[in-house]
Amino acid sequence: MTDTMKRYNEEMPKLHYEQIPIKNLTAEQTYQRKLSIQHIKKAVANFNPYQINPVKVSRRNGINYVVNGQHTIEILATYFNSREIPVWCIIYDNLDYTKEADLFANQQKYVKSLTPYEIFIANIEAGNDEQILIKDIVEKYGLFLSPSKVSGGICAISTLEDIFYKHGYQILDSTLRLCIATWEGEENSLSSNMLKGIARLVATYNKELDEQLFKEKLGLYSIKEITRTAADRRAGSLGFAEAILLFYNKKLKMPIDMSRLYKQRSSNNLLDLYRNGRT
């Protein structure tokens, strides 16, 4: 045996895989977090067997203690309406209680999470319709998706998805069209708060917001000035929506009523996205 293999055998935990019925698993240790019923319901409603990970289990004194996977077993038990079904588990046979708690506390410490951009690109490769539609809209205006802020690139990936799911295809399309027509792809014009602010205006006022007038009037102001005005009014995208509407309303004989911004209604029904279709 080489020194490397000897070291490996000494340092790596002893474990094996085993299928265990849910009824024979327990997750009542003090270090375990409280179950999120909302998370379980959402996962059950969108159940995908390929997203189920093995449950980490510490076997002490003949009892199978769940170290990681507490929600996984409850999702499966709820989906199949049974605690008799077996789940794949990674069994640790040499852990005491304190090592279990340490494993639970630090299991994500050195895990690198996926970025929104990486998740989005993976969804594209998977052929998922929503992300393909969003990508099509972005590229329709000569823009591209980017992992970082660059000219002509959009790195606010989660924002694009939020607008799409909250308001639909047409609102996202109009939002990007206004941005490009007014600020010609200037990178700060494609920030999260800017896009959300414009989307809020478009969703609230629809055709009442004249796109040509928007371009002419807002094009007179730099993104820096709009950002400064937004910060003076309130935090987040609503401040941007207010600032943009202030500049839009300047010298108008019949300015748009800003109070309607706070009564905004939006659709969360995915069917509406497809009723809108591609235009």
Side-chain angles (χ1 to χ4, degrees), residues 1 3-123 126 128 130 147 156-159 161-162 165-166 192 235-237 268 270:
M1 180 182 295
D3 289 342
T4 299
M5 288 305 299
K6 182 179 179 181
R7 180 186 169 198
Y8 176 87
N9 289 331
E10 289 174 350
E11 295 186 14
M12 295 301 290
K14 303 299 183 290
L15 54 85
H16 62 278
Y17 285 83
E18 188 178 315
Q19 278 192 311
I20 303 176
I22 291 175
K23 67 179 182 179
N24 294 336
L25 298 170
T26 183
E28 299 176 356
Q29 306 93 294
T30 303
Y31 60 75
Q32 280 288 358
R33 56 185 169 175
K34 184 179 179 180
L35 282 172
S36 169
I37 303 303
Q38 183 179 2
H39 172 74
I40 292 169
K41 288 180 178 179
K42 185 176 179 180
V44 169
N46 299 277
F47 185 77
N48 182 344
Y50 293 97
Q51 297 293 335
I52 300 298
N53 293 317
V55 175
K56 286 185 179 178
V57 170
S58 172
R59 182 169 287 161
R60 288 187 288 109
N61 303 318
I63 299 175
N64 299 310
Y65 294 98
V66 175
V67 178
N68 180 259
Q70 176 190 26
H71 283 87
T72 296
I73 63 175
E74 295 305 322
I75 289 164
L76 286 166
T78 303
Y79 183 80
F80 288 104
N81 193 29
S82 172
R83 304 191 79 81
E84 300 286 339
I85 61 168
V87 294
W88 278 107
C89 300
I90 303 173
I91 311 298
Y92 293 83
D93 288 315
N94 59 344
L95 297 182
D96 59 25
Y97 182 83
T98 57
K99 286 183 179 178
E100 286 175 20
D102 183 71
L103 176 59
F104 175 83
N106 295 296
Q107 59 192 323
Q108 299 296 320
K109 192 172 183 179
Y110 300 107
V111 175
K112 185 178 183 299
S113 299
L114 291 171
T115 65
Y117 176 81
E118 290 167 337
I119 295 171
F120 191 95
I121 294 303
N123 275 307
N128 291 328
E130 293 88 352
I157 307 297
S158 295
T159 295
E161 292 179 306
D162 286 346
Y165 286 120
K166 186 175 183 180
S192 177
S237 60
N268 289 311
L270 282 175

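Because the structure is predicted, anything quoted here is derived from the model rather than measured.
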Roughly how far, to the nearest 0.5 Å, is the [atom2] atom of [Y] from the [atom1] atom of [X]?
| X | Y | atom1 | atom2 | answer |
| --- | --- | --- | --- | --- |
| Gln70 | Thr26 | CD | OG1 | 9.5 Å |
| Gln51 | Ile75 | CD | CD1 | 11.0 Å |
| Tyr92 | Leu103 | OH | CG | 5.5 Å |
| Ile63 | Leu25 | CD1 | CG | 12.0 Å |
| Tyr65 | Tyr31 | OH | OH | 9.0 Å |
| Ile73 | Cys89 | CD1 | SG | 8.0 Å |

For [X] versus [Y], what's the shortest heavy-atom pair and its separation?
| X | Y | result |
| --- | --- | --- |
| Pro116 | Ile157 | O-CG2, 3.8 Å |
| Glu84 | Pro21 | O-CB, 3.6 Å |
| Phe104 | Arg33 | CZ-N, 4.0 Å |
| Thr72 | Ile52 | CG2-CG2, 3.8 Å |
| Thr159 | Ser192 | OG1-OG, 2.5 Å |
| Asp93 | Arg59 | OD1-CB, 3.7 Å |

Salt-bridge present (Lys41, Glu74; N to O < 4.0 Å):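 Salt bridge: no.
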For the side chain of [X] and the backbone of [Y], is there at least one donor-acceptor N/O pair under 3.5 Å apart?
| X | Y | value |
| --- | --- | --- |
| Gln29 | Ala101 | no |
| Gln32 | Val66 | yes |
| Asp102 | Thr98 | no |
| Asn68 | Lys56 | no |

Do Phe47 and Leu76 pass the side-chain contact (heavy atoms from CB on, under 4.5 Å) test, and can you show the C-alpha distance, the side-chain angles, and the key distance before you say yes or no? CA-CA 9 Å; Phe47 185 77; Leu76 286 166; 3.9 Å; yes
Just wondering, more than 12 heavy atoms not from [X] lying within 6.0 Å of its [atom1]?
| X | atom1 | result |
| --- | --- | --- |
| Gln38 | CD | no |
| Asp3 | CG | no |
| Asn46 | CG | yes |
| Lys14 | NZ | yes |

Answer yes or no for Arg60 and Tyr97: cation-pi contact, defined as NZ/CZ to six-membered ring centre under 6.0 Å and angle to ring axis within 45°.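 So Arg60 doesn't make the cation-pi contact.
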Quick check: do Ile20 and Ile91 have side-chain heavy atoms less than 4.5 Å from each other?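 Side chain of Ile20 against side chain of Ile91, heavy atoms only: contact under 4.5 Å found.
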Look at the aromatic rings of Trp88 and Tyr17 and report parallel, tilted or perpendicular, splitting at 30° and 60°.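 Perpendicular, since the angle between the ring planes exceeds 60°.
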Show your reasoning for whether side-chain contact (heavy atoms from CB on, under 4.5 Å) applies to Glu130 and Glu161. CA-CA 8 Å; Glu130 293 88 352; Glu161 292 179 306; over 6 Å; no
